[in-house]
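The structure under discussion appears below in the form of structure tokens.
Side chains are part of it too, since the values below use all heavy atoms of this structure and drop only hydrogens, waters and symmetry mates.
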Amino acid sequence: MKYLIFFIVAVFGVPMMASMAAKSEKVRGGVLTFVIASTAMANQIKINFVSTESYRGPERGFELNLTDLGAWALIIALLMQHQKRIKWLPYNSLPLAGLFLCALISSASAPQMLYASFALFKMVRAFLLYWAVVNTLRSGVSRESLWRGFLMIGMYVTYLALKQKYLHHIYRVPGPFDHSNTVPLFLNLVMPV
């Protein structure tokens, strides 16, 4: 079922969101809110192209999720209507490129090249998300769109944690993640906002 949802959103939702976001700042803000909020739901609806069951490291394979689809919709919208406001190398791009270069050099000596390529793929996805968010804000979208996304994350994770703790009687709640240790790590990123 989740593959069908992912396919429908990828084929129909991304072009529709992109065309609507290109024409309206309000819609672009809504898509940005969706992109931010969807980071808490990334494990629920995703598609994994290559993975290995025996590997239990931090990467799960070559996967795409709803956050990536929303970021692609924003990128397409920006390329359609707001090319003059796009900063092709947003601030911190050079340090991020240096980090990627170090990871690329390190992966050359990795015992399992496939596992290293999982991490490199995730770094590219993260930069595209960063690029989309920075340039969407440069296109005139209010920062309140970010704050709404973070608020939705807080409400969603709180709801899941309360449900898992008091309805399902789970001692250490995992929230929307694979492991309970991920909940504070994820929410600590949102807390400063």
Side-chain angles (χ1 to χ4, degrees), residues 1-10 12-14 16-18 20-21 24-48 51 56-61 63-75 77 92 96 118-119 121-123 125-193:
M1 182 65 178
K2 68 180 181 179
Y3 294 112
L4 179 63
I5 293 171
F6 188 88
F7 178 77
I8 290 170
V9 172
F12 301 108
V14 170
M16 185 178 69
M17 284 190 295
M20 290 173 29
S24 167
E25 182 180 316
K26 188 174 182 178
V27 173
R28 214 167 34 260
V31 174
L32 181 59
T33 298
F34 165 76
V35 166
I36 299 300
S38 69
T39 59
M41 299 171 240
N43 280 347
Q44 275 66 32
I45 299 177
K46 64 182 176 187
I47 188 165
N48 200 325
S51 66
R56 297 303 302 159
E59 316 306 334
R60 296 291 181 242
E63 64 184 23
L64 294 174
N65 56 36
L66 284 178
T67 305
D68 298 314
L69 297 181
W72 275 107
L74 287 174
I75 289 169
N92 294 328
L96 290 172
F118 291 166
F121 183 70
K122 187 180 245 183
M123 290 176 83
R125 288 174 45 220
F127 181 77
L128 289 174
L129 175 63
Y130 172 72
W131 191 93
V133 170
V134 167
N135 282 300
T136 300
L137 290 173
R138 286 179 54 84
S139 74
V141 171
S142 169
R143 290 178 194 256
E144 291 178 10
S145 300
L146 289 174
W147 301 335
R148 277 194 300 270
F150 290 133
L151 182 62
M152 291 171 70
I153 287 171
M155 291 188 312
Y156 178 66
V157 175
T158 300
Y159 163 76
L160 280 181
L162 291 173
K163 179 180 160 195
Q164 291 169 352
K165 180 77 172 176
Y166 296 109
L167 188 62
H168 301 293
H169 305 288
I170 299 173
Y171 176 65
R172 292 187 65 201
V173 298
F177 307 108
D178 295 334
H179 195 276
S180 59
N181 288 349
T182 310
V183 174
L185 294 172
F186 182 79
L187 292 181
N188 281 339
L189 297 171
V190 178
M191 294 283 288
V193 175

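Although no hydrogens or angles enter the test, the distance criterion places a donor-acceptor pair under 3.5 Å between the side chain of T33 and the main chain of S145. A distance-only check finds a donor-acceptor pair linking the side chain of H179 to the backbone of N181 [under 3.5 Å]. When atom types are taken as modelled, the side chain of S139 and the backbone of T136 share a donor-acceptor pair closer than 3.5 angstrom.
Separation of atoms CG (L74) and CG (L129) is listed at 9.0 Å; rounding is to 0.5 Å. If you take CD on Q164 and CG on L162, they are separated by 9.5 Å, rounding to the nearest 0.5 Å. In this structure, CD1 on I153 lies 11.0 Å from OG1 on T158, to the nearest 0.5 angstrom. Put simply, CG on L32 and CG on L146 are 5.0 Å apart, with the number rounded to the nearest 0.5 Å. Going from atom CE of M191 over to atom CG of L189 covers 11.0 Å, rounded to the nearest 0.5 Å.
Using a 4.5 Å heavy-atom threshold, the side chains of L185 and F177 count as separate. Two residues are said to be in side-chain contact when any heavy atoms from C-beta on lie closer than 4.5 Å; R138 and V134 meet this criterion. Considering only heavy atoms from C-beta on, F121 comes within 4.5 Å of L64 through its side chain. Looking only at side-chain heavy atoms (C-beta outward), I47 and F7 stay at 4.5 Å or farther from each other. Between P176 and V157, the closest side-chain pair of non-hydrogen atoms falls below 4.5 Å.
No more than 12 heavy atoms of other residues, nucleotides or ligands sit less than 6.0 Å from atom CH2 of W72. By the neighbour-count criterion of 12 heavy atoms within 6.0 Å, atom CE of M123 is densely surrounded, having more than that number from other residues, nucleotides or ligands.
The shortest non-hydrogen separation linking M17 to A73 is CB-CB, 3.8 Å. Considering all non-hydrogen atoms of both residues, A37 and M152 come closest at CB-CB, 3.9 Å. Across every non-hydrogen atom of P174 and V183, the tightest pair is O-CG2, 3.2 Å. Between A71 and A132, the shortest heavy-atom distance links the atoms O-CB, 3.9 Å. Looking at every heavy atom in both residues, R28 comes nearest to A21 through NH1-O, 2.8 Å. K165 and V173 get closest at one heavy-atom pair: N-CG1, 3.6 Å.
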Set out, in order, the CA-CA distance, both residues' side-chain angles and the distance that settles side-chain contact (heavy atoms from CB on, under 4.5 Å) for N65 and R125, then state yes or no.
CA-CA 10 Å; N65 56 36; R125 288 174 45 220; 3.3 Å; yes

Run N135 and I75 through side-chain contact (heavy atoms from CB on, under 4.5 Å) and show every step you take.
CA-CA 8 Å; N135 282 300; I75 289 169; over 6 Å; no

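A donor and an acceptor atom, one from each side chain of T39 and T67, are nowhere located under 3.5 Å apart.
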